[in-house]
Every structure is written in structure tokens, then in C-alpha cells.
Number of protein chains: 2
Amino acid sequence: MKCSDCKWRKYCLPSDLSGPSLSEFEHIVHLGKKFEKEQRIYSQGSSFRSLFAIQSGSVKTQYTLTSGYTQVTAFYYPGEVIGLDAIDTDKYPGTAIALEDSIICEIPFAHLEQIAQQQPILNQSLFKLMGREFVRDQSLLFLLGSRAAEERVLSFLSSIAKRHTIMNPESQQLQLSMSRTDIASFLGISLETVSRELTKLKKNGWLELSGRNVLIHQPANFKEYVFQLADKTI
Amino acid sequence: MKCSDCKWRKYCLPSDLSGPSLSEFEHIVHLGKKFEKEQRIYSQGSSFRSLFAIQSGSVKTQYTLTSGYTQVTAFYYPGEVIGLDAIDTDKYPGTAIALEDSIICEIPFAHLEQIAQQQPILNQSLFKLMGREFVRDQSLLFLLGSRAAEERVLSFLSSIAKRHTIMNPESQQLQLSMSRTDIASFLGISLETVSRELTKLKKNGWLELSGRNVLIHQPANFKEYVFQLADKTI
DNA sequence: CGCGACGTTGAGATTCGTCAATGATAGTGG
DNA sequence: CCACTATCATTGACGAATCTCAACGTCGCG
């Protein structure tokens with residue numbers, strides 16, 4: 001599938017391109033590569049060649065220290081671009097792993113830089129994309145700055161729900177693609193605490209919960225609750 | 001003072017420029033503006049016009065939520081560039097405040113984009129600069145992902161010491177320019193805990209400590225200790 | 001149907017935050 | 001130059017939140 005036909009183009013890198021400049025962009029991209037669940041999109045330490053744009057599915061990125069300690073640093077959904085953190089060092093500083101069977105477009109960075117140099121609009125889009133990633137990171141820093149487990153879990157749910165709504169406006173039911181362990185690692189709390197907080201939300205009537213299936217009862221009220229307690233959106 | 005004479009050029013945005021392209025860059029930069037301690041370099045919500053490069057002194061960035069809750073998100077030292085997180089939104093999402101009397105160069109972003117479009121090297125430097133900022137954010141996320149206060153304080157000290165050593169290779173004595181409150185906010189722990197952890201390090205003989213003056217006794221051993229316990233450097 | 005991975009729940013131990021009092025430091029004005 | 005004051009930093013006691021360890025459920029896949 002070409003970018004011009006992609007549902008998520010307006011959220012993706014070629015958002016502002018059209019006509020011949022879009023064709024040129026499509027020309028350098030390896031579109032729609034398939035990745036299976038658990039498969040790596042890139043690995044920590046390997047040479048940086050490409051950015052990757054999610055077309056369908058979901059991805060986690062994780063970093064492993066020399067000590068062996070591993071931490072999940074982000075979850076990504078369609079329209080989002082991963083690999084930006086490799087630009088400085090020419091190596092991927094982390095590993096990206098598909099959380100489910102996913103379709104992902106590979107954007108060779110050297111080519112991208114070349115054509116961006118000739119297309120101011122693309123260059124700007126790239127800057128904006130990176131800027132957006134900063135804002136995302138800042139939100140996350142905020143989230144982790146507080147120590148309250150409930151806030152962390154709420155922010156996580158809220159973030160996932162928001163993105164789910166953009167992708168599936170018709171369906172309230174959302175299915176988490178990541179394990180409790182992944183969530184815990186991402187939020188910097190123990191997996192037991194994640195489980196307990198989710199159970200608490202369920203008991204208090206905020207949502208239905210069965211394994212990885214989540215249904216938020218009154219999204220508007222829920223959002224208000226999150227906002228009061230834990231809105232880390234800048 | 002011009003970039004060509006600046007000690008920190010190789011760490012700064014024009015690192016790879018020379019000759020006429022460097023002159024052109026210098027031409028658009030407002031060099032060496034003075035900011036007093038506590039003075040704002042830019043404010044949250046105001047229009048994004050420029051990036052700022054620290055020439056001397058130090059800066060903190062902080063974000064304030066609608067609830068009024070404020071959090072310090074980074075400390076910056078000479079050679080480092082701030083304001084990158086505003087590129088996406090055209091507003092500064094946070095506030096930057098000088099921690100001491102500082103000299104800072106203003107880089108109007110519209111001009112920068114223009115000349116970067118003609119100078120691939122500068123464009124690449126800008127990408128790299130942003131990439132470096134991602135790595136920094138990731139490191140911080142990693143740090144905050146762990147809950148141990150000792151690790152957080154150690155990582156903070158280690159980060160400051162590393163930058164201090166680059167700037168002042170001859171002196172081991174470092175003077176923190178930020179308050180305990182700022183450190184606590186940045187690390188996501190209470191200021192009392194910061195104080196207690198620092199005192200603990202002092203009692204265990206790792207460093208000398210008097211107010212904001214810190215002297216790390218055996219930097220090599222200290223680094224090893226940090227590495228074992230808390231190395232979040234990716 | 002059984003096994004293994006994933007998720008939930010419970011109890012005790014630990015860490016850290018909060019509140020509060022005390023001590024040090026720097027900036028201000030007499 | 002010194003005293004005064006406001007801000008900043010340290011220290012202690014207590015309680016709450018979360019981690020760890022452990023047992024028990026549950027789900028999906030072969």
C-alpha cells in the first residue's frame with residue numbers, strides 16, 4: 001500500500017507532502033514490511049540505517065544496560081515513527097519489538113536526508129516529527145516524576161485509550177497488546193502493583209477488565225478523573 | 001564573542017561548520033546575550049522564535065501543568081542547546097530559567113531553517129543535535145523508571161560531574177547551581193530524600209559536601225560505584 | 001487435556017514521603 | 001561591617017505506599 005492510500009498519512013512523516021514530492025518520498029520507502037509478534041524491527045547497537053513508520057499493529061522499544069537490566073521506554077501505534085533516537089550516534093540505542101503481527105514501513109535515513117534537503121516541506125515535517133517526539137518524552141518525564149502508582153497506571157490507560165480512539169472511533173473496547181510486565185517496566189513500578197491498580201479501577205466501576213481487554217465505562221468521566229488526578233499532558 | 005572563538009563550538013550546533021558557512025551562521029545568531037540569575041530565557045506558552053545555546057552559566061527547564069504543579073525536566077550547561085521541544089507546536093512547552101548569571105546565544109529558528117535548507121552540513125548537525133536530545137531524554141526516562149532514590153541521586157551527580165569534567169578538566173571541585181528543591185523536582189523524589197542521600201554518600205566517604213559544593217573523592221571508584229548501581233547512560 | 005506462561009491476590013518488610021523542628025547561608029539595610 | 005531576616009538545607013519521627021516473596025488462578029496453545 002502506498003502512502004497516498006494510507007489511513008494514517010496525516011499523522012505520519014509525509015503528512016504535508018503531495019503530488020510529485022509524495023511520489024518521490026514513496027519511492028525511497030520500503031512499504032508495508034511484515035513483522036511477526038515478538039520479532040525485532042531493529043536491535044540495540046546495530047547500525048542505524050532507517051526510521052520505521054508503523055502502519056498497523058504495535059511496537060515496544062526497550063533499552064538494556066550492560067548490567068543486563070532491561071526497561072521498556074515506549075509503546076508505538078500506527079502513524080508513529082520509531083528510530084529517531086539513533087540519529088545522533090549511528091547506532092540504535094535501543095531495541096524495537098513488535099507486540100503483535102504488524103506492518104511497518106522502512107524509511108532509509110540517508111535517502112530521507114537527501115530528499116529532505118531538496119524539499120523544504122519534508123525537512124520541516126521531519127523537524128516537527130522530532131519536536132513531537134520531544135513533547136511525548138516530556139509528558140512521560142512528567143508522568144514518571146510523580147511517584148504515585150495510581151497516577152502512572154491512569155496516565156498509561158489514558159494515553160492508550162486516546163490513541164485507540166483516534167484509530168477506532170467506533171469501538172470503545174480496547175485490547176492491550178503488551179503484557180503486565182511490559183506495562184510495569186514502562187511505568188517503573190512492579191507488575192503486581194499494575195495488576196492491583198487495574199483491579200482497583202475495575203472494582204471502583206471505572207472500567208471492565210478481563211486480561212488484556214479493557215472497556216472504559218464513561219470515557220468522559222474517566223478522562224476528567226485522570227485529568228484531576230494525573231494529567232501530565234503538557 | 002563569535003562562534004569561531006567559542007570554547008564550546010565543537011559541542012554546539014555549528015560544530016561541523018567552517019569558513020563561509022560558519023560566517024553565515026554567525027550572521028543570524030544573536031551572540032552572547034546576558035541573563036541574570038533567575039531570569040527567564042523563554043516562558044511556557046510564548047511563541048517559539050529561537051533556539052538558545054548556552055555559552056556560560058547554567059539553565060533549568062521546567063513545565064507547569066494547568067493544575068499548577070511544576071516540574072524541572074532538565075539542566076543545561078555550556079555547548080547545549082535549548083528550545084528544541086518547541087519546534088512542533090510553535091509555542092515553548094516549558095520555561096527556561098537561568099540558574100546563575102549566564103551568557104546565552106539566541107538562534108532564530110526561521111533563519112536557521114532557511115540556511116539549513118541550503119547547507120546540508122548544518123541540517124545534519126541540527127538532526128544530530130535533536131537526536132542527542134532524544135538520547136538524553138531516554139536516559140532520563142530510564143533513570144526515572146527505577147524507583148530507588150539512591151540511584152537517582154547518583155545518576156544525577158554522575159551526569160553533572162561528567163559535564164563538569166569536560167568543561168573544567170583541571171578542577172574536581174564542583175559547585176551545583178541548582179537548589180535541593182530543583183534536584184528533587186528533577187529526580188521525582190522529595191527534597192528531604194535528596195538531602196538524606198547526599199548526606200549518606202558523604203558519610204560513606206564518597207564525597208565532600210558543603211551546601212552546593214561537592215568534591216568527589218575518587219572519581220574512578222565513584223564512577224564504578226554508580227555504574228554498578230545505577231548506570232542509566234545508554 | 002495438560003502444560004507453561006501470564007495474571008491475580010495476600011502478607012510482611014522496606015523505602016520513601018510528610019510533617020515538624022533545627023541549623024546554615026546569603027542577601028539586605030542600617 | 002554587622003546584625004537581621006528570608007531562604008535554603010539538614011535531621012528526626014512517623015505513617016503510608018509499594019516492593020518482594022509466595023501461593024494460587026487463568027488462559028491459550030500444542
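The chains referred to below are lettered A, B, ... by the order of the sequence lines, with proteins before strands, and numbering in each begins at 1. Just so it is clear, the structure is predicted and the values come from calculations on it, not from any experiment.
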Sequence-aligned protein contact record of nucleotides 7-23 of chain C, with B where the base is within under 4.0 Å of a protein heavy atom and S where only the sugar-phosphate is: SBBBB----SSBBB---
Between B/K37 (NZ) and C/dG27 (C1'), how many Å, whole number? 10 Å
B/H30: side chain to side chain contact (heavy atoms under 4.5 Å, CB included) partners, not counting sequence neighbours: B/K33, B/E106, B/P108
B/K37 and B/D101 ion-paired at < 4.0 Å: no
Between B/R180 and B/E192, is there a salt bridge with N-O shorter than 4.0 Å? no
Using atom CZ of A/R152 as one end and atom P of D/dA17 as the other, report the distance to the nearest whole Å. 15 Å
Round to a whole Å and report the spacing from NZ of B/K202 to C1' of C/dA24. 12 Å
Ring centers of A/F48, A/Y42 separated by less than 6.0 Å: no
Just wondering, more than 12 heavy atoms not from A/R132 lying within 6.0 Å of its CZ? yes
Could you give the CG-to-P distance, from B/D101 to C/dG27, as a whole number of Å? 11 Å
One pair to check against side chain to side chain donor-acceptor pair (under 3.5 Å): A/T193 and A/S190. What are the steps and the verdict? CA-CA 5 Å; A/T193 300; A/S190 71; 2.9 Å; yes
